Amino acid sequence: MADEQTHLTVTRTLDVPVKDVFDVLTLPARHHEFDGSDTVRAADDTERITAAGQKFVMNMHADAMGGDYRTHNFVTAYDENKMVGWKPAPEAADGSAPQGPLGWEWLYELTSHGSDSTEVSLTYSWSDLTDPGVLKQVTFPAIPREALEESLNRLAAAVTAD
């Protein structure tokens, strides 16, 4: 990847109404169903995302992170049936919550194409990441484009399984 690259975006059209897609994306308890990186295990929080500024906690697993860990996800974008996004930060080893996100973001943008078709764009951005320690420790993109594409494949399956 080029050194100046700060995000990846993938897009797919799903043959379902935009509301159905948004309903799945805004329910953290369903995030494991569409995680193409296979790191999301389960949500601690089961409340639906309803506004920017909220936070939800996820149980995660990745060998690169030492196994099981938890992330606190700060909701950065919310526009009903149009957009939802969050920036994560891992919980400290002592179990204390992070004060804020570390700078990478997951953003889903939805465009309705009639009553039964939705274009979904997933952007994984690390453009706000400035912590030199994290930048030295983690090579970005930490999640490859193929995993993002798999996330949209799994999202399509999750929405149509309802």
Side-chain angles (χ1 to χ4, degrees), residues 6-12 14 16-62 65-112 118-131 133-135 138 140-143 147-148 150-162:
T6 60
H7 71 278
L8 294 173
T9 300
V10 296
T11 302
R12 178 173 173 178
L14 309 183
V16 293
V18 69
K19 182 188 180 315
D20 294 354
V21 178
F22 195 74
D23 283 350
V24 170
L25 290 172
T26 56
L27 196 57
R30 299 210 50 198
H31 284 195
H32 70 281
E33 294 178 46
F34 60 88
D35 169 37
S37 70
D38 290 323
T39 58
V40 175
R41 295 299 181 249
D44 271 6
D45 299 309
T46 57
E47 297 297 315
R48 184 172 299 282
I49 298 166
T50 59
Q54 293 177 319
K55 183 173 80 170
F56 61 95
V57 178
M58 301 297 285
N59 295 297
M60 312 285 288
H61 180 89
M65 294 290 291
D68 293 335
Y69 64 102
R70 288 167 30 110
T71 60
H72 293 245
N73 298 278
F74 299 82
V75 179
T76 55
Y78 182 92
D79 189 354
E80 189 170 352
N81 294 327
K82 294 181 182 173
M83 171 187 316
V84 64
W86 53 87
K87 289 183 176 180
E91 197 170 78
D94 67 3
S96 60
Q99 295 300 306
L102 292 181
W104 59 88
E105 180 177 44
W106 299 98
L107 179 66
Y108 289 84
E109 296 175 279
L110 310 177
T111 303
S112 177
T118 305
E119 182 180 276
V120 182
S121 291
L122 166 56
T123 299
Y124 164 50
S125 172
W126 54 98
S127 61
D128 292 341
L129 186 57
T130 58
D131 183 310
V134 173
L135 289 168
V138 180
F140 284 89
I143 306 298
L148 301 181
E150 181 61 18
S151 290
L152 294 186
N153 292 340
R154 292 180 184 186
L155 178 62
V159 172
T160 58
D162 289 343

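Sequence positions, counted from 1, serve as the residue numbers for this chain. These numbers were taken from a predicted model, which means no experiment stands behind them.
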Which atom names give the shortest non-hydrogen contact between [X] and [Y], and what distance separates them?
| X | Y | result |
| --- | --- | --- |
| A89 | P101 | CB-CA, 3.8 Å |
| P98 | E91 | CD-CA, 4.2 Å |
| A52 | A77 | CB-N, 4.3 Å |
| E47 | P28 | O-CD, 3.3 Å |
| S96 | D94 | OG-OD1, 2.6 Å |
| T160 | A157 | OG1-O, 3.3 Å |

Using side-chain heavy atoms (C-beta onward) and a distance below 4.5 Å, is [X] in contact with [Y]?
| X | Y | answer |
| --- | --- | --- |
| L107 | L122 | no |
| I49 | V84 | yes |
| L155 | V21 | yes |
| M58 | H31 | yes |
| V75 | K55 | no |
| V40 | M60 | yes |

Please identify which of these residues, V24, T118, L25, meets the side chain to side chain contact (heavy atoms under 4.5 Å, CB included) condition with V159.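 Result for side chain to side chain contact (heavy atoms under 4.5 Å, CB included) with V159: V24.
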In a check of side chain to side chain contact (heavy atoms under 4.5 Å, CB included) between W104 and each of S127, P88, S125, which one passes?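 The side chain to side chain contact (heavy atoms under 4.5 Å, CB included) with W104 is passed solely by P88 among S127, P88, S125.
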Residue pair T9, T123: steps toward the side chain to side chain donor-acceptor pair (under 3.5 Å) verdict: CA-CA 4 Å; T9 300; T123 299; 2.9 Å; yes
Measure the acute angle between the ring planes of W86 and F56, then classify it against the limits of 30° and 60° as parallel, tilted or perpendicular.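 The rings of W86 and F56 stand perpendicular, inter-plane angle above 60°.
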Interatomic spacing from [atom1] in [X] to [atom2] in [Y] - rounded to 0.5 Å:
| X | Y | atom1 | atom2 | result |
| --- | --- | --- | --- | --- |
| Y108 | L152 | OH | CG | 6.5 Å |
| T39 | H32 | OG1 | NE2 | 12.5 Å |
| T111 | N81 | OG1 | CG | 11.5 Å |

Quick one, V120 with R12, criterion side-chain contact (heavy atoms from CB on, under 4.5 Å). Give me CA distance, side-chain angles, the key distance, then yes/no. CA-CA 5 Å; V120 182; R12 178 173 173 178; 5.5 Å; no
Does D128 pair with K87 as a salt bridge, N-O distance under 4.0 Å?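 K87 and D128: salt-bridged.
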Between D35 and R30, is there a side-chain N and carboxylate O pair less than 4.0 Å apart?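 The answer is no: the pair does not qualify as a salt bridge.
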Can T76 and E105 be counted as having a side-chain donor-acceptor contact under 3.5 angstrom?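 Present: a donor and an acceptor within the cut-off.
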Just to verify, what does D79 make a side-chain contact (heavy atoms from CB on, under 4.5 Å) with, not counting sequence neighbours?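 Applying side-chain contact (heavy atoms from CB on, under 4.5 Å) to D79 gives K82, M83.
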Given L129 and L135, is the side-chain contact (heavy atoms from CB on, under 4.5 Å) satisfied, shown in steps? CA-CA 8 Å; L129 186 57; L135 289 168; 3.7 Å; yes
Verify whether the ring centers belonging to Y78 and F22 lie closer than 6.0 Å.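 Ring-ring flag for Y78/F22: true, centres closer than 6.0 Å.
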Check: Y124 ring centroid to W106 ring centroid under 6.0 Å: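 Ring-ring flag for Y124/W106: true, centres closer than 6.0 Å.
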